[in-house]
Amino acid sequence: MITIAPIPAFNDNYIWHLQQGSDHWVVDPGDAGPVISALGDAQLTGILITHHHYDHTGGIESLVKRYQCPVFGPDSIPDVSDALVDGDQFELLGGNARVLAVPGHTLDHIAIFLEHAGDTYLFCGDTLFAAGCGRLFEGSPEQMYRSLQSLAALPKETRVYCAHEYTVSNLHFALAAEPDNTDVQARLEHARHLRDRNQPTVPSTIAEELATNPFLRCESPTIRQQAKARETRADSSPGPVDVFATLRAWKDNF
């Protein structure tokens, strides 16, 4: 049976630790120290990387030097030994891992969708957050919208493992964008309860994101109305990409 646990790093990063028996993998190790501490005497089998930002890659060199393990990720990252592109599939802990290109936050961003023993897991880095999405550092609003739509189409029971603890602040924005959404209200209360006890608010599920994440709800009448109110042309009729772009710009300064 696979187990997945967060390894906290920096102020709000999560390095995901996947284990089955004596096999250990980590996702986006921005810092080697917490990984080494979490592993104890165990050997690191491999590393998965979603994109090139340093808080996701900074620990790779030290971990590879210590464990001599392979690194799977975009070929834009010098330490990657096994380059991954959209549509690639590979065996991971006895399950099938599929690579999804999800540009927007960065152009090289990928996500890993894992099917294992009837369960599904998504490791999405900084593309899809709990109740939010990543900033557009390199890609366009249309790219990010399409990337998020591809993730939203995954099985609803899929567990979503993002790389940061942003849930409470994201839900505050979600409530501003859609004040009549009772699912957002309930999720915010639960997230606050968890954080008051220093517990992670993730993973979530695709179903939960579809119900509460404003960036996956650009067709919501309330959110469309909010976006239209922020358009410079009063007679504009924004499409879903326009709504997304307005939401993302609003969130950047929220």
With no hydrogens and no angle check, is any side-chain donor or acceptor of [X] less than 3.5 Å from a backbone partner on [Y]?
{"X": "Asp23", "Y": "Leu93", "answer": "no"}
{"X": "Thr45", "Y": "Trp25", "answer": "no"}
{"X": "Gln68", "Y": "Lys65", "answer": "yes"}
{"X": "Asp31", "Y": "Phe10", "answer": "no"}

Between Thr201 and Glu165, does any side-chain donor sit less than 3.5 Å from a side-chain acceptor?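 Looking only at side-chain atoms, Glu165 and Thr201 do form a donor-acceptor pair, the distance falling under 3.5 Å.
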Any chain of hydrophobic side-chain contacts (each under 4.5 Å) joining [X] to [Y]?
{"X": "Leu92", "Y": "Ile4", "result": "yes"}
{"X": "Leu114", "Y": "Leu48", "result": "yes"}
{"X": "Ile7", "Y": "Ile47", "result": "yes"}
{"X": "Val27", "Y": "Val64", "result": "no"}
{"X": "Leu175", "Y": "Leu210", "result": "no"}

Roughly how far, to the nearest 0.5 Å, is [atom2] of [Y] from [atom1] of [X]?
{"X": "Asn96", "Y": "Gln89", "atom1": "CG", "atom2": "CD", "result": "4.5 Å"}
{"X": "Asp183", "Y": "Leu188", "atom1": "CG", "atom2": "CG", "result": "12.5 Å"}
{"X": "Thr222", "Y": "Asp180", "atom1": "OG1", "atom2": "CG", "result": "3.5 Å"}
{"X": "His24", "Y": "Leu44", "atom1": "NE2", "atom2": "CG", "result": "8.5 Å"}
{"X": "Ile49", "Y": "Asp79", "atom1": "CD1", "atom2": "CG", "result": "8.5 Å"}
{"X": "Ile77", "Y": "Asp108", "atom1": "CD1", "atom2": "CG", "result": "5.5 Å"}

With salt bridge (Lys or Arg N to Asp or Glu O under 4.0 Å) as the rule and sequence neighbours excluded, what pairs involving residues 237-254 come up? Arg135-Asp252, Arg248-Asp252
Heavy-atom pair with the smallest gap, counting every atom of [X] and [Y]:
{"X": "Ala191", "Y": "Leu171", "result": "CB-CD1, 3.9 Å"}
{"X": "Pro179", "Y": "Gln226", "result": "CD-NE2, 3.9 Å"}
{"X": "His116", "Y": "Gly94", "result": "CD2-C, 4.0 Å"}
{"X": "Ala42", "Y": "Tyr67", "result": "O-CE2, 3.7 Å"}
{"X": "Pro29", "Y": "Val35", "result": "CB-CG2, 4.1 Å"}
{"X": "Asp75", "Y": "Ala83", "result": "CB-CB, 3.8 Å"}

Show your reasoning for whether side chain to side chain contact (heavy atoms under 4.5 Å, CB included) applies to Leu148 and Thr127. CA-CA 7 Å; Leu148 291 172; Thr127 295; 4.0 Å; yes
Any non-hydrogen side-chain atom of [X] less than 4.5 Å from a side-chain atom of [Y]?
{"X": "Arg197", "Y": "His193", "answer": "yes"}
{"X": "Tyr121", "Y": "Leu18", "answer": "no"}
{"X": "Ser147", "Y": "Pro103", "answer": "yes"}
{"X": "Asn213", "Y": "Leu128", "answer": "yes"}
{"X": "His164", "Y": "Asp126", "answer": "yes"}
{"X": "Ser22", "Y": "Gln43", "answer": "no"}
{"X": "Phe90", "Y": "Leu84", "answer": "yes"}
{"X": "Thr158", "Y": "Phe113", "answer": "yes"}

Can you sort out the partners of Thr246 under side-chain contact (heavy atoms from CB on, under 4.5 Å), two or more places apart, ordered by chain and number? Ala227, Arg230, Glu231
Any ring-ring contact (aromatic ring centres under 6.0 Å, His included) pairs touching residues 144-163, not counting sequence neighbours?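 Matches after skipping sequence neighbours: Trp16-Tyr161, Phe123-Tyr161.
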Heavy-atom count check: over 12 atoms from other residues, nucleotides or ligands less than 6.0 Å from Asp196 CG?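 Enclosed: over 12 neighbouring heavy atoms sit under 6.0 Å from CG of Asp196.
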Counting neighbours of CD on Glu91 that are heavy atoms of other residues, nucleotides or ligands and sit closer than 6.0 Å, is the number greater than 12? yes
Apply side-chain hydrogen bond (donor to acceptor under 3.5 Å, both in side chains) to Thr120 and Glu157, showing your working. CA-CA 7 Å; Thr120 51; Glu157 66 275 11; 4.6 Å; no
Can you sort out the partners of His53 under ring-ring contact (aromatic ring centres under 6.0 Å, His included), two or more places apart, ordered by chain and number?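 Scan of His53 (ring-ring contact (aromatic ring centres under 6.0 Å, His included), adjacent residues dropped) gives His51, His105, Phe137.
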Could you walk me through whether Trp250 and Leu247 satisfy the side chain to side chain contact (heavy atoms under 4.5 Å, CB included) test, starting with their C-alpha distance in whole Å, then the side-chain angles of each, then the deciding distance to 0.1 Å, before giving a yes or no? CA-CA 5 Å; Trp250 180 17; Leu247 281 177; 4.0 Å; yes
Show which residues join Phe129 in its hydrophobic cluster (side-chain heavy-atom contacts under 4.5 Å, direct or indirect), or state none.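 Besides Phe129, the hydrophobic cluster comprises Tyr166, listed by chain and residue number.
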Which residues pass the salt bridge (Lys or Arg N to Asp or Glu O under 4.0 Å) test with Arg187, not counting sequence neighbours? Glu208, Glu209
Given His56 and Asn13, is the side chain to side chain contact (heavy atoms under 4.5 Å, CB included) satisfied, shown in steps? CA-CA 9 Å; His56 296 250; Asn13 280 68; 4.2 Å; yes
One pair to check against side chain to side chain contact (heavy atoms under 4.5 Å, CB included): Asp88 and Val85. What are the steps and the verdict? CA-CA 6 Å; Asp88 281 350; Val85 297; 3.5 Å; yes
